[in-house]
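Every number for a ligand or one of its atoms is a count from 1 in the order of the listing. Heads up: numbering here begins at 1 and tracks the sequence. These figures come from a predicted structure and were not determined experimentally.
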Amino acid sequence: MRKACTIALVGNPNSGKSSLFNSLTGLNQKVGNFPGVTVDKKTGTSRIADNLTANIIDLPGTYSLYPKSEDERVTYEVLLNRNNTDRPDLIVVIADASNLKRNLLFCSQIMDLKIPVVMALTMNDIARNKGINIDVEGLERAMGVPVVAINPRKNKGIAQLKKMIASVAQSNVQPASEFIDTVALTGPWITEIKKLCNVESNYAALHIACNYLELPHLNAAQRIQTGALLDQAGFNKARIQAEEIMQRYQRIGSIMQQCVVETSPLQRAIISERIDKTLLHPVWGNVILLTVLFLLFQSIFWLAEYPMGWVEQGFSIVADWLGGVLPNGTIKDLLINGVLAGISGIAVFIPQIMILFGFITILEDSGYMARISFLTDRLMRSAGLNGRSVMPLISGMACAVPAIMAARTIQNRKERLITIMVTPLMSCSARLPVYTILIGLVIPDKSLFIFNLRGLVLMGLYLLGFFMALIVAKVMSMVIKVKEKTYFLMELPVYRAPRWKNVGITMIEKAKVFITDAGKVIMIISILLWGLATYGPPNAMKAVETKYETLKQQHPEQAKELDNQLQTEKLEHSFAGIMGHAIEPAIRPLGYDWKIGIALITSFAAREVFVGTMATLYSVGSDAENEDTLRDKMRGATRADGTPVYTLGTGISLLIFYVFAMQCMSTLAIVYRETRSWQLPAIQFAYMFALAYVTALLSYWIFS
Ligand SMILES: Nc1nc2c(ncn2[C@@H]2O[C@H](COP(=O)(O)OP(=O)(O)OP(=O)(O)O)[C@@H](O)[C@H]2O)c(=O)[nH]1
Ligand SMILES: [Mg+2]
């Protein structure tokens, strides 16, 4: 065997594949306590033995080798498409010991593909608590493949597993015999398909018989001949698949009898069920759910308050220091008012983003996220979705891109498309900075009973996005006519203590991604914007300067004030000012001025740019020694007639606009990739923009 081989990790959802992948590769692939965390394949390398390095592929979980959803199809492709670049030389089947019977079904299907297999038993601790004792050696003999008990969560048994993998890889042994007799199941014609399509096993040939029209590695001749052979044999796909599963379960049943002893479960095993009695209670369950969400939003304000202050102070110290050491001139202006202003405007929000992601990770890791799906299934159903849509919607609070990919686990195509279409209405972390700064400007810092009013408004915005998602979904489900039966099936995982290290890593990782991704865009846009806001058509700029020079000569006592006015007027006549004024007629009805107009344009690509833009615009427009924070500057902003820009009406109208508008290139790109259609992202962009405009208009009327 080659020195570098490819090893695929496969198994039922939530069985610990990604945890094992992380143990083997040292990477940080996302792990969570609900089925369907991994929806795409991910590769890493691992040193299995001194002379063996392997490419490890983590795959989405599947219940059986007959795929029902997009994520299962990814795994099916890797295992059955001969031309797939990731086709494994060896498969590690991860089997959940606490659900052995169902896990063995999938394992037995994999064995029959005639690729070398090692079986890794996870969740042995949970099985023991449930009173399940497994005779590992007996299981190994009965199944005819090597079996190793591991705990990837605690990094136990990994060395032994590696040893086993190395020995199987070196000897390249395949499972000794077929788990069920495929020829007896189908008839001798299956061997002809095997030869015709050049696959290793009769069982792979059966999969070709079932899916020959879709499998991309077959050529036209192979397809036609396969079709002819199947016609001749009178092949009935549904009957043979049912028969296959039955035969497998029959043999698995007797293996279970030989190798598994069930005693009475320990007290601990029933804990999950007890907790669920309360958490899934029709009344209390929902009360608790609302409380959890409520605490989340309050804590985003409470907990982040001090760290946000530190970040603000840190940046103002840096700006002061730079202001002192740099010589006056264009470079200094660019650095302080362009780059630094843009970056500090956004860096302030890192504590809030970290808290949000920390919370979501705890929900996922503990197993509560799956309960949220269960609790909201009825609500989802009334909107034409199903419980499975909740996971994408809730992950949408972090970021719509992975959330839209998570919709792959939804089997029903119509429900999946609608989920994709409405997920960006959920308020993502990029909106958080915009919300926070505007709420800080127009909502008073008061308490309502014991609750922070700003926290309540923030929660209101998130709820607004969520309910609008449901309404839009309902409308779409009435428009799109597809008759396909839908049901909600989801295994509820056992509760687990969140791994705090995982929570910490996720928070730091997300902060890093936020700084680098948003930072890059904001840096470029800030520099560009600084240029556009500093320079303008030479004649116009010159005219402004001459005007103020004469004014200053006439009224020398008002020099300082005139200087400020000069800055403002220059900004208005700059290129950025011209752009802002150009779109002003369209946005004036919403209560926005031209500076907000510029921010709307720049934040089209990514919402968080709004804050950076504001920071740059208000820095350029003021004199350089001004040390106020962005919020103070915005609070002091006035219109031509002297009234403040950020009134309640304007603030609310802007907030609502940001709740609904689709201002994210990455989301549009991922929708295109997931649906392979340009129309859908276009429709999505249009309907969200229309919604944003109309609702912002209405709220401006109402609140001013
Ligand atoms: N108690 C216990 N928990 C485990 C064990 N292995 C993994 N876990 C936990 O099981 C949960 C699921 O782990 P993942 O690695 O995300 O599972 P997966 O198979 O990749 O799941 P999908 O990607 O959804 O198919 C996580 O909460 C892990 O911490 C184990 O041996 N014992
Ligand atoms: Mg996974």
What residue and atom, counting heavy atoms only, is the protein's closest point to atom 8 (N) of ligand 1, and at what distance? M123 CE, 3.6 Å
Could you tell me the residue and atom name of the protein heavy atom closest to atom 26 (C) of ligand 1, and the distance to it rounded to 0.1 Å? V31 CG1, 3.7 Å
What residue and atom, counting heavy atoms only, is the protein's closest point to atom 25 (O) of ligand 1, and at what distance? K17 NZ, 2.9 Å
So does R378 have more than 12 non-hydrogen atoms from other groups sitting under 6.0 Å from CZ? no
Could you check whether R274 makes a cation-pi contact with Y495, meaning its NZ or CZ is under 6.0 Å from the centre of the six-membered ring and within 45° of the ring axis? no
Shortest non-hydrogen contact from N33 toward N14: OD1-ND2, 3.3 Å
If you take the nearest heavy atom of each of K154, E364, R153, R496, which one is closest to atom 10 (O) of ligand 1? R496
Can you name the ring-ring contact (aromatic ring centres under 6.0 Å, His included) partners of F34, sequence neighbours left out? none
How would you list all residue pairs meeting ring-ring contact (aromatic ring centres under 6.0 Å, His included) that involve residues 69-122, not counting sequence neighbours? Y76-H207
How far is atom 32 (N) of ligand 1 from its nearest protein heavy atom, and which residue and atom name does that atom have? D125 OD1, 3.0 Å
Pick whichever of G11, S19, G367 has a heavy atom sitting closest to atom 28 (C) of ligand 1. S19
Can you tell which part of P35 has a heavy atom less than 4.0 Å from ligand 1: side chain, backbone, both or neither? backbone
Please check whether K30 reaches ligand 1 - meaning an N/O of the residue sits under 3.5 Å from an N/O of the ligand, judged on distance alone. no
What residues, two or more places apart in sequence or in another chain, satisfy salt bridge (Lys or Arg N to Asp or Glu O under 4.0 Å) together with K41? D86
Should the proximity of I126 to ligand 1, defined as any heavy atom under 4.0 Å, be assigned to the side chain, the backbone, both, or neither? side chain
Among non-hydrogen protein atoms, atom 23 (O) of ligand 1 lies closest to T38 OG1, 2.7 Å
Please write down residue, atom name and distance for the protein heavy atom closest to atom 6 (N) of ligand 1. P152 CG, 3.4 Å
Would T43 and N55 count as a side chain to side chain donor-acceptor pair (under 3.5 Å) if you check the C-alpha gap in whole Å, the side-chain angles of each, and the deciding distance to 0.1 Å? CA-CA 7 Å; T43 317; N55 293 322; over 6 Å; no
Between S18 and T38: side-chain donor-acceptor atoms closer than 3.5 Å: yes
Could you check if a side-chain atom of R153 sits within less than 4.5 angstrom of a side-chain atom of T122, using non-hydrogen atoms only? no
Do any protein N, O or S atoms sit under 2.8 Å from the Mg ion (ligand 2), and which ones are they? S18 OG, T38 OG1
Whether F34 lies under 4.0 Å from ligand 1, heavy atom: yes
Return the residue, atom name and 0.1 Å-rounded distance of the protein heavy atom closest to atom 17 (O) of ligand 1. G16 N, 3.1 Å
Could you find the nearest protein heavy atom to atom 21 (O) of ligand 1 and give me its residue, atom name and distance? N14 N, 3.1 Å
